[in-house]
Amino acid sequence: MQRIEENPATFPDEKKTRSIMAQTVSRRHLLRGALLAGAALPFARIQHTINAWRAEEFGPIPAPGKTPYIRLGSNENPYGPSPKARKALADAIDAGNRYPGQGLSDLRQAIAEYESLTPEQILITAGSSELLGIAGLMAGTQGGRIIASHPTFPFLMRYASQFSAEWIKVPVTEDHQYNLVGITKEVNDKTRLVFLCNPNNPTGAELPRSILDPYCKLVSEQTMVYVDEAYIEFADGGVRASLASLTRDNPNIIIGRTFSKIYGMAGLRIGYAIAHPDTIDQFERYSCGANMTPSVTSLAAARASLGDDSFIAHCLEMNQETKDMVYAKFQQWGIEYIPSSTNFVFFRTSRFGSANVVQAMQEKYILIRDYGDVPGWARVSMGTVAEIQSFLDALEGMLM
Ligand SMILES: Cc1ncc(COP(=O)(O)O)c(C=O)c1O
(Lines give C-alpha, C1' and ligand atoms only; values in the text may rest on other atoms or scores of the structure.)
Protein backbone atom coordinates (compact mmCIF):
# COMPACT_ATOMS: atom_id res chain seq x y z
CA MET A 1 0.00 0.00 0.00
CA GLN A 2 1.17 3.51 -0.82
CA ARG A 3 2.38 5.54 2.17
CA ILE A 4 0.11 8.44 3.09
CA GLU A 5 2.88 11.00 2.63
CA GLU A 6 3.48 9.73 -0.91
CA ASN A 7 -0.10 10.33 -1.97
CA PRO A 8 -0.61 13.96 -3.00
CA ALA A 9 -4.39 13.61 -2.61
CA THR A 10 -4.10 12.87 1.10
CA PHE A 11 -1.20 15.15 1.80
CA PRO A 12 -2.04 18.62 0.53
CA ASP A 13 0.27 21.39 1.65
CA GLU A 14 -0.99 24.77 2.83
CA LYS A 15 -0.26 26.54 -0.46
CA LYS A 16 -2.22 24.00 -2.48
CA THR A 17 -5.19 23.96 -0.08
CA ARG A 18 -5.34 27.76 -0.01
CA SER A 19 -5.14 28.00 -3.76
CA ILE A 20 -8.01 25.50 -4.23
CA MET A 21 -10.14 27.37 -1.69
CA ALA A 22 -9.40 30.69 -3.37
CA GLN A 23 -10.95 29.26 -6.54
CA THR A 24 -14.02 27.74 -4.89
CA VAL A 25 -14.90 30.15 -2.10
CA SER A 26 -15.70 33.77 -2.75
CA ARG A 27 -16.66 34.83 0.74
CA ARG A 28 -16.14 33.56 4.23
CA HIS A 29 -18.67 31.45 6.07
CA LEU A 30 -17.61 31.99 9.61
CA LEU A 31 -19.58 30.31 12.34
CA ARG A 32 -21.71 33.15 13.63
CA GLY A 33 -23.00 34.35 10.32
CA ALA A 34 -23.40 30.88 8.91
CA LEU A 35 -25.12 29.32 11.90
CA LEU A 36 -27.38 32.03 13.18
CA ALA A 37 -28.88 33.00 9.87
CA GLY A 38 -32.07 31.43 8.55
CA ALA A 39 -32.74 28.90 11.28
CA ALA A 40 -36.41 28.31 10.40
CA LEU A 41 -37.12 24.58 10.08
CA PRO A 42 -38.43 23.48 6.69
CA PHE A 43 -40.61 20.74 8.21
CA ALA A 44 -42.44 20.18 4.97
CA ARG A 45 -39.26 18.72 3.49
CA ILE A 46 -38.66 16.08 6.13
CA GLN A 47 -38.71 12.53 4.82
CA HIS A 48 -39.42 10.12 7.61
CA THR A 49 -37.92 7.08 6.00
CA ILE A 50 -34.21 7.66 6.59
CA ASN A 51 -34.12 9.40 9.92
CA ALA A 52 -33.60 7.12 12.90
CA TRP A 53 -31.70 3.90 13.39
CA ARG A 54 -33.99 0.96 12.78
CA ALA A 55 -33.85 -1.84 15.36
CA GLU A 56 -33.18 -4.42 12.63
CA GLU A 57 -29.93 -2.65 11.67
CA PHE A 58 -28.48 -4.11 14.84
CA GLY A 59 -29.51 -7.62 13.85
CA PRO A 60 -32.45 -9.90 14.41
CA ILE A 61 -33.59 -10.71 17.91
CA PRO A 62 -33.34 -14.49 18.43
CA ALA A 63 -36.53 -16.27 19.33
CA PRO A 64 -36.62 -17.64 22.92
CA GLY A 65 -34.66 -20.86 23.16
CA LYS A 66 -32.81 -20.20 19.90
CA THR A 67 -29.03 -19.80 19.54
CA PRO A 68 -27.99 -16.24 20.45
CA TYR A 69 -26.33 -14.29 17.67
CA ILE A 70 -22.62 -13.48 17.79
CA ARG A 71 -22.74 -9.72 17.34
CA LEU A 72 -19.92 -8.58 15.08
CA GLY A 73 -21.95 -6.02 13.15
CA SER A 74 -22.10 -2.84 15.23
CA ASN A 75 -18.54 -2.22 16.47
CA GLU A 76 -19.52 -2.88 20.07
CA ASN A 77 -16.91 -3.67 22.70
CA PRO A 78 -17.46 -7.18 24.10
CA TYR A 79 -15.58 -6.42 27.34
CA GLY A 80 -17.63 -3.51 28.64
CA PRO A 81 -18.98 -2.00 30.73
CA SER A 82 -15.84 -1.99 32.89
CA PRO A 83 -15.96 -3.33 36.47
CA LYS A 84 -15.82 0.27 37.75
CA ALA A 85 -18.71 1.27 35.49
CA ARG A 86 -20.82 -1.70 36.64
CA LYS A 87 -20.31 -0.75 40.28
CA ALA A 88 -21.15 2.91 39.58
CA LEU A 89 -24.30 1.84 37.72
CA ALA A 90 -25.49 -0.22 40.67
CA ASP A 91 -24.66 2.54 43.16
CA ALA A 92 -26.47 5.18 41.07
CA ILE A 93 -29.78 3.34 40.95
CA ASP A 94 -30.87 4.96 44.21
CA ALA A 95 -30.65 8.38 42.52
CA GLY A 96 -32.99 7.26 39.74
CA ASN A 97 -35.78 9.41 41.15
CA ARG A 98 -33.73 12.60 40.61
CA TYR A 99 -33.05 14.60 37.43
CA PRO A 100 -29.48 14.28 36.21
CA GLY A 101 -28.26 17.88 36.71
CA GLN A 102 -25.47 17.11 39.15
CA GLY A 103 -24.32 14.03 37.26
CA LEU A 104 -24.15 16.07 34.06
CA SER A 105 -22.02 18.80 35.58
CA ASP A 106 -19.78 16.26 37.36
CA LEU A 107 -19.10 14.42 34.10
CA ARG A 108 -18.67 17.67 32.17
CA GLN A 109 -16.08 18.81 34.70
CA ALA A 110 -14.31 15.44 34.67
CA ILE A 111 -14.14 15.35 30.86
CA ALA A 112 -12.85 18.94 30.78
CA GLU A 113 -10.03 17.98 33.16
CA TYR A 114 -9.30 14.80 31.22
CA GLU A 115 -9.06 16.77 27.96
CA SER A 116 -7.28 19.80 29.55
CA LEU A 117 -10.16 22.03 28.43
CA THR A 118 -12.89 24.01 30.22
CA PRO A 119 -16.38 22.63 31.07
CA GLU A 120 -17.87 25.29 28.76
CA GLN A 121 -16.24 23.41 25.90
CA ILE A 122 -18.09 20.15 26.61
CA LEU A 123 -21.66 19.08 25.85
CA ILE A 124 -22.83 15.68 27.11
CA THR A 125 -25.33 13.84 24.91
CA ALA A 126 -27.10 10.49 24.85
CA GLY A 127 -24.47 8.79 22.68
CA SER A 128 -22.63 10.72 20.00
CA SER A 129 -25.53 9.99 17.62
CA GLU A 130 -27.45 12.74 19.41
CA LEU A 131 -24.56 15.09 18.78
CA LEU A 132 -24.37 14.10 15.10
CA GLY A 133 -28.09 14.88 14.97
CA ILE A 134 -27.60 18.32 16.52
CA ALA A 135 -24.79 19.17 14.08
CA GLY A 136 -26.85 17.75 11.20
CA LEU A 137 -29.84 19.85 12.24
CA MET A 138 -27.73 23.00 12.50
CA ALA A 139 -26.07 22.51 9.14
CA GLY A 140 -29.12 20.99 7.45
CA THR A 141 -31.49 23.81 8.29
CA GLN A 142 -29.04 26.29 6.75
CA GLY A 143 -29.44 24.58 3.37
CA GLY A 144 -26.23 24.37 1.42
CA ARG A 145 -23.71 21.59 1.11
CA ILE A 146 -22.18 19.09 3.50
CA ILE A 147 -19.00 17.53 2.19
CA ALA A 148 -18.02 14.07 3.38
CA SER A 149 -15.72 11.33 2.32
CA HIS A 150 -17.24 8.18 0.89
CA PRO A 151 -17.59 5.68 2.41
CA THR A 152 -17.88 7.07 5.91
CA PHE A 153 -20.28 7.01 8.86
CA PRO A 154 -23.39 8.53 7.25
CA PHE A 155 -25.62 9.49 10.17
CA LEU A 156 -25.01 13.27 10.21
CA MET A 157 -25.39 13.63 6.44
CA ARG A 158 -28.51 11.43 6.28
CA TYR A 159 -30.10 13.48 9.00
CA ALA A 160 -29.13 16.84 7.49
CA SER A 161 -30.39 15.72 4.06
CA GLN A 162 -33.87 15.44 5.52
CA PHE A 163 -33.87 19.18 6.00
CA SER A 164 -32.30 21.05 3.13
CA ALA A 165 -28.66 19.99 2.98
CA GLU A 166 -27.03 18.67 -0.15
CA TRP A 167 -24.75 15.73 0.70
CA ILE A 168 -21.58 15.74 -1.42
CA LYS A 169 -19.65 12.45 -1.38
CA VAL A 170 -15.94 12.50 -2.18
CA PRO A 171 -14.66 8.96 -2.81
CA VAL A 172 -11.66 7.82 -0.80
CA THR A 173 -8.41 7.37 -2.71
CA GLU A 174 -7.34 4.02 -4.13
CA ASP A 175 -5.35 3.39 -0.97
CA HIS A 176 -8.57 3.93 1.05
CA GLN A 177 -7.53 7.29 2.48
CA TYR A 178 -9.35 10.59 2.59
CA ASN A 179 -8.99 12.55 -0.61
CA LEU A 180 -8.35 15.85 1.14
CA VAL A 181 -7.64 17.62 -2.13
CA GLY A 182 -10.96 16.36 -3.54
CA ILE A 183 -12.78 17.49 -0.38
CA THR A 184 -11.19 20.95 -0.59
CA LYS A 185 -12.29 21.30 -4.21
CA GLU A 186 -15.92 20.83 -3.09
CA VAL A 187 -15.76 23.56 -0.43
CA ASN A 188 -17.49 26.65 -1.77
CA ASP A 189 -19.79 29.48 -0.66
CA LYS A 190 -22.65 27.08 -0.08
CA THR A 191 -20.70 24.68 2.13
CA ARG A 192 -22.02 24.49 5.69
CA LEU A 193 -19.94 21.63 7.06
CA VAL A 194 -17.13 19.22 6.23
CA PHE A 195 -17.47 15.85 7.96
CA LEU A 196 -14.31 13.86 8.70
CA CYS A 197 -14.37 10.62 10.67
CA ASN A 198 -10.93 9.72 12.01
CA PRO A 199 -10.23 6.83 12.20
CA ASN A 200 -12.88 6.25 9.57
CA ASN A 201 -15.85 3.90 9.75
CA PRO A 202 -16.16 1.60 7.79
CA THR A 203 -12.64 1.62 6.29
CA GLY A 204 -10.78 1.66 9.62
CA ALA A 205 -8.12 3.90 8.03
CA GLU A 206 -6.55 6.70 10.03
CA LEU A 207 -5.02 9.99 9.00
CA PRO A 208 -2.28 11.10 11.39
CA ARG A 209 -2.64 14.29 13.36
CA SER A 210 0.33 15.79 11.53
CA ILE A 211 -1.84 15.90 8.37
CA LEU A 212 -5.33 16.50 9.77
CA ASP A 213 -4.39 19.25 12.22
CA PRO A 214 -3.10 21.80 9.66
CA TYR A 215 -5.76 20.73 7.16
CA CYS A 216 -8.66 21.29 9.56
CA LYS A 217 -7.23 24.66 10.63
CA LEU A 218 -7.22 25.79 7.01
CA VAL A 219 -10.62 24.45 5.94
CA SER A 220 -12.25 25.75 9.12
CA GLU A 221 -11.43 29.26 7.93
CA GLN A 222 -14.25 28.72 5.43
CA THR A 223 -16.70 26.29 7.00
CA MET A 224 -17.45 24.19 10.05
CA VAL A 225 -15.50 20.95 10.32
CA TYR A 226 -16.94 18.04 12.31
CA VAL A 227 -14.28 15.49 13.28
CA ASP A 228 -15.91 12.26 14.45
CA GLU A 229 -13.45 10.65 16.88
CA ALA A 230 -15.64 7.73 17.98
CA TYR A 231 -12.67 5.36 17.55
CA ILE A 232 -9.81 7.71 18.49
CA GLU A 233 -8.74 5.61 21.50
CA PHE A 234 -7.96 2.74 19.11
CA ALA A 235 -5.84 4.99 16.87
CA ASP A 236 -2.05 5.09 16.81
CA GLY A 237 -1.25 7.44 19.66
CA GLY A 238 -4.76 7.07 21.15
CA VAL A 239 -6.45 10.25 22.40
CA ARG A 240 -3.18 12.10 21.85
CA ALA A 241 -4.02 11.87 18.13
CA SER A 242 -7.17 13.92 18.81
CA LEU A 243 -7.75 17.39 17.41
CA ALA A 244 -9.57 18.45 20.60
CA SER A 245 -7.05 21.14 21.51
CA LEU A 246 -7.84 23.04 18.27
CA THR A 247 -11.27 23.91 19.66
CA ARG A 248 -9.83 26.24 22.33
CA ASP A 249 -9.72 29.18 19.97
CA ASN A 250 -11.45 27.89 16.85
CA PRO A 251 -15.28 28.00 16.85
CA ASN A 252 -15.47 26.16 13.52
CA ILE A 253 -14.11 22.80 14.69
CA ILE A 254 -16.32 20.26 16.46
CA ILE A 255 -15.04 17.00 17.90
CA GLY A 256 -17.46 14.12 18.53
CA ARG A 257 -16.60 11.45 21.12
CA THR A 258 -18.42 8.49 22.62
CA PHE A 259 -18.39 6.07 25.54
CA SER A 260 -19.87 3.40 23.25
CA LYS A 261 -16.63 2.05 21.83
CA ILE A 262 -13.48 1.82 23.96
CA TYR A 263 -15.51 2.08 27.17
CA GLY A 264 -17.97 -0.62 26.06
CA MET A 265 -21.09 1.37 26.97
CA ALA A 266 -23.03 1.37 23.66
CA GLY A 267 -26.26 0.48 25.42
CA LEU A 268 -25.81 3.12 28.10
CA ARG A 269 -25.80 6.01 25.59
CA ILE A 270 -23.25 8.64 26.53
CA GLY A 271 -21.30 10.78 24.06
CA TYR A 272 -19.94 14.29 24.09
CA ALA A 273 -18.99 17.27 21.98
CA ILE A 274 -15.75 19.15 22.35
CA ALA A 275 -15.94 22.61 20.82
CA HIS A 276 -15.40 26.30 21.44
CA PRO A 277 -17.76 27.68 24.16
CA ASP A 278 -19.65 29.75 21.50
CA THR A 279 -20.21 26.62 19.43
CA ILE A 280 -21.36 24.66 22.48
CA ASP A 281 -23.88 27.48 23.12
CA GLN A 282 -25.20 26.99 19.61
CA PHE A 283 -25.45 23.23 20.11
CA GLU A 284 -27.41 23.73 23.30
CA ARG A 285 -29.94 25.84 21.40
CA TYR A 286 -30.49 23.04 18.89
CA SER A 287 -30.60 20.24 21.46
CA CYS A 288 -34.08 18.71 21.57
CA GLY A 289 -33.75 17.28 25.09
CA ALA A 290 -33.02 20.42 27.13
CA ASN A 291 -29.40 19.22 27.51
CA MET A 292 -30.32 16.45 29.88
CA THR A 293 -30.93 13.37 27.79
CA PRO A 294 -28.49 11.01 29.59
CA SER A 295 -29.69 9.07 32.65
CA VAL A 296 -28.17 9.35 36.14
CA THR A 297 -27.01 5.75 35.94
CA SER A 298 -25.25 6.14 32.58
CA LEU A 299 -23.63 9.39 33.69
CA ALA A 300 -22.26 7.67 36.80
CA ALA A 301 -20.92 4.78 34.71
CA ALA A 302 -19.24 7.18 32.30
CA ARG A 303 -17.72 9.16 35.16
CA ALA A 304 -16.30 5.94 36.65
CA SER A 305 -14.99 4.75 33.26
CA LEU A 306 -13.31 7.93 32.07
CA GLY A 307 -9.55 7.46 31.85
CA ASP A 308 -9.69 3.94 33.36
CA ASP A 309 -6.28 3.08 31.93
CA SER A 310 -6.17 -0.56 32.96
CA PHE A 311 -9.57 -1.28 31.37
CA ILE A 312 -8.59 0.64 28.22
CA ALA A 313 -5.27 -1.25 28.03
CA HIS A 314 -7.08 -4.57 28.41
CA CYS A 315 -9.57 -3.72 25.63
CA LEU A 316 -6.80 -2.50 23.32
CA GLU A 317 -4.76 -5.65 23.92
CA MET A 318 -7.68 -7.97 23.23
CA ASN A 319 -8.68 -5.90 20.22
CA GLN A 320 -5.19 -6.23 18.75
CA GLU A 321 -5.10 -9.97 19.47
CA THR A 322 -8.34 -10.54 17.57
CA LYS A 323 -7.34 -8.22 14.72
CA ASP A 324 -4.09 -10.18 14.38
CA MET A 325 -6.10 -13.43 14.21
CA VAL A 326 -8.22 -11.94 11.41
CA TYR A 327 -5.25 -10.46 9.52
CA ALA A 328 -3.34 -13.76 9.67
CA LYS A 329 -6.22 -15.76 8.22
CA PHE A 330 -7.10 -13.10 5.63
CA GLN A 331 -3.48 -13.11 4.44
CA GLN A 332 -3.44 -16.91 4.33
CA TRP A 333 -6.71 -17.00 2.35
CA GLY A 334 -5.84 -14.08 0.05
CA ILE A 335 -8.65 -11.85 1.33
CA GLU A 336 -7.91 -8.17 0.75
CA TYR A 337 -8.46 -6.01 3.83
CA ILE A 338 -7.66 -2.52 5.04
CA PRO A 339 -5.31 -2.41 8.05
CA SER A 340 -7.48 -0.96 10.77
CA SER A 341 -6.92 1.67 13.48
CA THR A 342 -10.27 0.71 15.04
CA ASN A 343 -12.16 -2.26 16.50
CA PHE A 344 -13.35 -3.56 13.10
CA VAL A 345 -11.87 -4.70 9.80
CA PHE A 346 -13.23 -3.91 6.32
CA PHE A 347 -12.54 -6.67 3.80
CA ARG A 348 -13.23 -7.51 0.18
CA THR A 349 -15.72 -10.29 -0.42
CA SER A 350 -14.46 -11.38 -3.86
CA ARG A 351 -13.01 -14.63 -2.42
CA PHE A 352 -16.57 -15.78 -1.78
CA GLY A 353 -17.76 -15.63 -5.40
CA SER A 354 -21.32 -14.48 -5.74
CA ALA A 355 -22.31 -15.63 -2.24
CA ASN A 356 -23.69 -12.98 0.09
CA VAL A 357 -21.28 -13.38 3.01
CA VAL A 358 -23.32 -11.26 5.39
CA GLN A 359 -26.43 -13.32 4.80
CA ALA A 360 -24.55 -16.62 4.92
CA MET A 361 -23.01 -15.58 8.26
CA GLN A 362 -26.41 -14.63 9.62
CA GLU A 363 -27.66 -18.11 8.83
CA LYS A 364 -24.85 -19.31 11.09
CA TYR A 365 -25.95 -16.87 13.80
CA ILE A 366 -23.05 -14.49 13.23
CA LEU A 367 -23.81 -10.85 12.49
CA ILE A 368 -21.43 -8.81 10.31
CA ARG A 369 -22.33 -5.86 8.09
CA ASP A 370 -22.18 -4.68 4.52
CA TYR A 371 -22.99 -1.35 2.95
CA GLY A 372 -25.38 -1.13 0.01
CA ASP A 373 -23.35 1.68 -1.54
CA VAL A 374 -19.98 -0.07 -1.13
CA PRO A 375 -20.52 -3.32 -3.03
CA GLY A 376 -17.94 -6.06 -2.70
CA TRP A 377 -16.90 -5.22 0.85
CA ALA A 378 -18.02 -6.27 4.33
CA ARG A 379 -17.11 -5.19 7.86
CA VAL A 380 -16.47 -7.41 10.85
CA SER A 381 -16.27 -5.98 14.37
CA MET A 382 -13.83 -7.47 16.86
CA GLY A 383 -15.58 -9.71 19.37
CA THR A 384 -13.98 -11.96 21.95
CA VAL A 385 -11.29 -14.44 20.84
CA ALA A 386 -13.91 -17.24 20.83
CA GLU A 387 -16.35 -15.15 18.78
CA ILE A 388 -13.69 -14.23 16.22
CA GLN A 389 -12.65 -17.89 16.02
CA SER A 390 -16.27 -18.82 15.24
CA PHE A 391 -16.38 -16.11 12.56
CA LEU A 392 -13.13 -17.36 10.99
CA ASP A 393 -14.28 -21.01 11.10
CA ALA A 394 -17.52 -20.05 9.37
CA LEU A 395 -15.70 -17.90 6.83
CA GLU A 396 -13.28 -20.68 5.89
CA GLY A 397 -16.22 -22.84 4.91
CA MET A 398 -17.42 -20.14 2.51
CA LEU A 399 -14.18 -19.64 0.56
CA MET A 400 -14.45 -20.37 -3.15
C1 LIG B 1 -17.98 6.83 13.51
C2 LIG B 1 -19.14 6.73 14.45
N3 LIG B 1 -19.60 7.83 15.02
C4 LIG B 1 -20.63 7.81 15.86
C5 LIG B 1 -21.27 6.62 16.15
C6 LIG B 1 -22.46 6.67 17.05
O7 LIG B 1 -22.24 5.99 18.21
P8 LIG B 1 -22.94 6.36 19.58
O9 LIG B 1 -24.21 7.07 19.30
O10 LIG B 1 -23.15 5.06 20.24
O11 LIG B 1 -21.96 7.24 20.30
C12 LIG B 1 -20.82 5.42 15.60
C13 LIG B 1 -21.48 4.14 15.88
O14 LIG B 1 -21.13 3.09 15.44
C15 LIG B 1 -19.72 5.48 14.71
O16 LIG B 1 -19.24 4.39 14.12
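Residue numbers start at 1 and run along the sequence shown. When a ligand or atom number is given, it counts from 1 through the structure's own listing order.
Heavy-atom contacts from other residues, nucleotides or ligands closer than 6.0 Å to CD of Gln332 number more than 12. Atom CZ of Arg209 sits in a crowded spot, with more than 12 heavy atoms from other residues, nucleotides or ligands closer than 6.0 Å. Atom CZ of Arg98 has 12 or fewer heavy atoms from other residues, nucleotides or ligands within 6.0 Å.
Listed by atom number, the atoms of ligand 1 under 4.0 Å from Gly127 heavy atoms are 9 (O), 11 (O). Near Arg269, with a cut-off below 4.0 Å to any heavy atom, the atoms of ligand 1 are 8 (P), 9 (O), 10 (O). Counting atoms of ligand 1 from 1 in the listed order, those under 4.0 Å from a heavy atom of Ala230 are 1 (C), 2 (C), 3 (N).
Relative orientation of the Phe153 and Phe155 rings is parallel, given thresholds of 30° and 60° on the angle between their planes. Using the six-membered ring where Trp is involved, Trp377 and His176 have ring planes that are perpendicular, over 60° apart on the 30 and 60° scheme.
Look at Glu130 and you'll find every heavy atom at least 4.0 Å from all atoms of ligand 1. Judged by the shortest distance from any of its heavy atoms, Leu132 lies inside the 4.0 Å radius around the atoms of ligand 1. Between Cys197 and ligand 1 there is a heavy-atom distance shorter than 4.0 Å.
The distance criterion of under 3.5 Å between nitrogen or oxygen atoms is met by Ser260 with respect to ligand 1.
To the nearest 0.5 Å, atom CG of residue Leu306 and atom CG of residue Leu107 are 7.0 Å apart.
A donor-acceptor pair shorter than 3.5 Å can be found between the side chains of Gln331 and Tyr337.
Contact annotation: for Asn75 versus ligand 1, there are no heavy atoms closer than 4.0 Å. Contacts between Ser129 and ligand 1 below 4.0 angstrom, taking non-hydrogen atoms only, involve backbone and side chain alike. Proximity of Ser128 to ligand 1, defined as any heavy-atom pair under 4.0 Å, is shared by backbone and side chain alike. Contact annotation for Lys261 and ligand 1: only side-chain heavy atoms (C-beta onward) come within less than 4.0 Å of the ligand.
For the residues Phe344, Tyr272, Phe155, Tyr231, the heavy atom positioned nearest atom 16 (O) of ligand 1 is part of Tyr231.
A ring-centre distance under 6.0 Å is found for Phe344 and Tyr231.
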